[in-house]
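Here is how names work: the chains are called A, B, and so on, in the same order as the sequence lines, proteins then strands, and each is numbered from 1. Keep in mind it's a predicted model, so treat the numbers as computed, not measured. These numbers come from the heavy atoms of this one structure, side chains and all, not from hydrogens, waters or symmetry mates.
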Amino acid sequence: MAAKFQTWWQGLRYRGGGTMVAWLLHRIGGLAMVIFVGMHVFASFLTQQFGSGFGTTLNIIYQSPYFQAPLYFFVIFHALNGFRIILLDTFPKLLEYQREVTWLQWMVFIPLYGLVVFFIIAGIVSGE
Amino acid sequence: MRNRTVPQPAMSFEYIMWMFTRISGLALLFLGAVSLVMAFVMGARELLDMPTLARWTFFPNPNHVVNSKIPDVTQGWANAYWQIMQIVIAFFGISHGLNGLRVIIEDYIGNTIWQPMLRGLIFLVWLFFTIMAVFVILAS
Ligand code: HEM
């Protein structure tokens, strides 16, 4: 138990910098998508086969801006970060520039996600 | 500057799943891009809120996008080509995601008796969701 506690504590104190943040967001986003995709498939099955209202209930949650905004953050981040991982794994020489590539990734992410946020806010404003 | 040596991995379950994660990741990016572009080509130009865009990108199924108030989804979408596309996307998405879940779990539990048991459980969950998704696609 003591050993386990220590690992957690060391984990919390470990300062991996920008690439560690990327790893953490990648992991959280992957998990979030597994839960989202799973519930979504299950709900559409219930709705399609048994006319259950569960799918509609979930859709109302899924379509709300408060759900959309974090979901798109994680989806876009996971997709871009996954692409970076694949790229660096395929061309290991680029690992020397891992930090720079991670910054470049943020430079792609920010305008892309900014556009999404813009669409979400525009949707709220126009009362969709 | 350090030189990094890259180990040559042997064929193992772990290596195959590592490879699969990368291939399915690239496949999801590619299939998503194709679906989104084709949605625009085939006339999905109105009412493009974010949920609608997501539906076009990852699951271009007439039954699915009908929620999005886009007219005549049955034109061009309700055919075997898009059914196969959806099955492939669903297969890659579910397999990639659940294998990722397995990696995360095994990172934290280590090599205990739980490891093979949870592997079995995840396999059953994978089977369940794959069959369910294919069923939903073919029945719509
Ligand atoms: C959009 C295209 C996607 C790409 C390019 C992508 C790429 C990747 C890559 C390369 C990894 C391995 C990370 C590593 O080895 O450290 C990974 C892990 C993972 N992915 Fe994806 N992925 C995508 C979509 C998805 C989707 C849709 C889901 C959920 C259904 C998902 C869930 C996960 C999970 C749970 C992990 C494990 C995370 C971890 O080990 O920390 N991914 N992804």
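For the pair Phe42(A) and Met132(B), the minimum side-chain heavy-atom distance is below 4.5 Å. With a 4.5 Å cut-off on side-chain heavy atoms, Pro65(A) and Ile120(A) count as touching. Using a 4.5 Å cut-off on side-chain heavy atoms (C-beta onward), Asn81(A) and Thr102(A) make no contact. For the pair Phe83(A) and Gln105(A), the minimum side-chain heavy-atom distance is 4.5 Å or more.
No option in Tyr72(A), Phe73(A), Phe119(A) other than Phe73(A) meets the ring-ring contact (aromatic ring centres under 6.0 Å, His included) test with Tyr113(A).
Your options are Leu71(A), Asp89(A), Thr56(A), Leu31(A), and the one with the most heavy-atom pairs under 4.5 Å with chain B is Asp89(A).
Using a 4.5 Å cut-off between heavy atoms, Leu26(B) contacts chain A through both its backbone and its side chain.
Residues of residues 89-106 of chain B lying under 4.5 angstrom from chain A, judged on non-hydrogen atoms, are His96(B), Gly97(B), Leu98(B), Leu101(B), Val103(B), Ile104(B) by number. Residues of residues 117-128 of chain B that come closer than 4.5 Å to chain A, counting heavy atoms only, are Phe128(B), ordered by residue number.
For Gln86(B) (side chain) and Ile137(B) (main-chain N/O), no donor-acceptor pair under 3.5 Å exists by modelled atom type. No donor-acceptor pair under 3.5 Å is formed between the side chain of Gln115(B) and the backbone N or O of Asn111(B). Under the 3.5 Å distance criterion, the side-chain polar atoms of Gln68(A) are matched with a main-chain donor or acceptor of Tyr62(A). A donor-acceptor pair under 3.5 Å is absent between the side-chain atoms of His78(A) and the main chain of Gly29(A), judged by distance alone.
Ring geometry, Phe45(A) versus Phe135(B): the interplanar angle exceeds 60°, so the pair is classed perpendicular (tilted spans 30 to 60°).
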